[in-house]
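Computation of the quantities below employed the complete heavy-atom set of this structure, encompassing side-chain atoms and omitting hydrogens, waters and symmetry-equivalent molecules. Source: prediction; values computed, not measured. First the proteins, then the strands, lettered A, B, ... as listed; each starts at 1.
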Amino acid sequence: AQTVTQSQPEMSVQEAETVTLSCTYDTSESDYYLFWYKQPPSRQMILVIRQEAYKQQNATENRFSVNFQKAAKSFSLKISDSQLGDAAMYFCAYRSLYGGSQGNLIFGKGTKLSVKP
Amino acid sequence: GAGVSQSPRYKVAKRGQDVALRCDPISGHVSLFWYQQALGQGPEFLTYFQNEAQLDKSGLPSDRFFAERPEGSVSTLKIQRTQQEDSAVYLCASILSSRNTGELFFGEGSRLTVL
């Protein structure tokens, strides 16, 4: 079974600075998707960025980028020019392409990000 | 609708009561997922529907949990004889394609507190 580990329960960053959130995962599959989701106090999960395992190029979405190391099973999220609105829980998630519940996400325990003005 | 809608947003139940949580997925979305999110934890899979068929219910923690999606759109998660350990946020998510390669859209969740 796949597992996702986020080893940083909490992180803090100064506004306009850069922060990196860590995520490692375990799988025996070769093709899969990885995601970072943001969950503000409103509780709605918002997709931040997505990476297909077969793509070597790291995904980028504006101020958000990932460092995907497939051999090391590592998938970290870098937030540049941090803004107050970035404060939230961030979840790393894995999606298998196989199995009966295709599309199901396996989540890590999350990292609470605080942004200091 | 424009997004995934869940109701109620908050529910307080006395231990032993039955509760029903509703999920209205995005119109036309084929697949629907229910997750349970305990305080300070990541969401955990409960069950999955493709249209009206419940294809995976391996995450349901006990036989007190029951989910249905009779017409392939709205889904209801029912918890019978609630216990304190059932207190959590219940998230619903839907996805357009049965191939499940697109984006999963989440609702805002229903927070259940069992006293």
Side-chain angles (χ1 to χ4, degrees), chain A residues 1-10 21-25 29 31-55 59 61 75 88-113, chain B residues 2-10 21 23 25-26 29-51 53-60 67 88-112:
Chain A
Q2 296 83 22
T3 58
V4 176
T5 302
Q6 292 179 251
S7 58
Q8 305 155 317
E10 296 188 27
L21 307 184
S22 300
C23 172
T24 59
Y25 60 95
E29 298 174 340
D31 291 325
Y32 46 87
Y33 296 107
L34 295 166
F35 304 84
W36 279 97
Y37 279 86
K38 172 185 177 181
Q39 188 179 42
S42 67
R43 301 197 304 259
Q44 186 166 26
M45 287 282 189
I46 301 165
L47 178 64
V48 173
I49 201 164
R50 156 188 169 142
Q51 175 81 43
E52 288 88 350
Y54 64 88
K55 290 186 178 177
E61 286 288 340
F75 183 61
M89 285 291 292
Y90 285 81
F91 292 96
C92 179
Y94 174 102
R95 181 199 286 176
S96 173
L97 284 111
Y98 310 104
S101 297
Q102 293 178 20
N104 177 38
L105 293 167
I106 299 168
F107 289 90
K109 292 191 174 183
T111 297
K112 183 177 181 180
L113 179 66
Chain B
V4 178
S5 177
Q6 292 189 247
S7 62
R9 285 215 67 198
Y10 301 91
L21 308 176
C23 173
I26 294 173
H29 276 201
V30 171
S31 297
L32 183 148
F33 296 83
W34 282 99
Y35 291 87
Q36 181 188 58
Q37 186 177 18
L39 186 65
Q41 302 292 315
E44 293 193 353
F45 170 77
L46 292 176
T47 188
Y48 158 68
F49 290 86
Q50 194 174 102
N51 295 307
Q54 189 176 21
L55 298 186
D56 189 342
K57 53 182 181 179
S58 61
L60 296 176
V89 173
Y90 291 86
L91 294 170
C92 176
S94 69
I95 192 168
L96 176 63
S97 166
S98 60
R99 291 185 61 201
N100 294 331
T101 54
E103 182 180 345
L104 208 60
F105 291 89
F106 284 84
E108 292 184 318
S110 293
R111 180 182 294 280
L112 172 65

Engineer: Specify the closest pair of heavy atoms between Asn104(A) and Phe45(B), including all atoms of both residues, with the distance to one decimal.
Structural biologist: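 Minimum heavy-atom separation between Asn104(A) and Phe45(B): OD1-CD1, 3.2 Å.
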
Engineer: Report the option among Glu44(B), Arg111(B), Gln6(B) that has the most heavy-atom pairs separated by less than 4.5 Å from atoms of chain A.
Structural biologist: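 The answer is Arg111(B).
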
Engineer: Would you please name every residue forming a side chain to side chain donor-acceptor pair (under 3.5 Å) with Trp36(A), sequence neighbours left out?
Structural biologist: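 Applying side chain to side chain donor-acceptor pair (under 3.5 Å) to Trp36(A) gives none.
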
Engineer: At a heavy-atom separation under 4.5 Å, does Ser94(B) approach chain A through its side chain, its backbone, both, or neither?
Structural biologist: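 No part of Ser94(B) comes within 4.5 Å of chain A.
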
Engineer: Of the backbone (N, CA, C, O) and the side chain (C-beta and beyond), which part of Phe35(A) lies under 4.5 Å from a heavy atom of chain B, both, or neither?
Structural biologist: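 Contact with chain B is absent: no heavy atom of Phe35(A) under 4.5 Å.
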
Engineer: Just by modelled atom types, is the Leu91(B) backbone N or O under 3.5 Å from a matching donor or acceptor in the Arg43(A) side chain?
Structural biologist: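 No; judged by distance alone, with no hydrogens or angles, the pair does not exist.
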
Engineer: Within a strict 4.5 Å, meaning less than it, do heavy atoms of the Tyr35(B) and Leu105(A) side chains meet?
Structural biologist: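 They are in contact (side-chain heavy atoms under 4.5 Å apart), so the answer is yes.
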
Engineer: Please examine the side chains of Gln39(A) and Pro43(B), heavy atoms only from C-beta on, and report whether any two atoms are closer than 4.5 Å.
Structural biologist: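 A side-chain contact is absent here, since even the closest heavy-atom pair is not under 4.5 Å.
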
Engineer: With sequence neighbours excluded, what pairs up with Lys112(A) under the side-chain contact (heavy atoms from CB on, under 4.5 Å) test?
Structural biologist: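 Here the qualifying residues are Glu10(A), Met89(A).
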
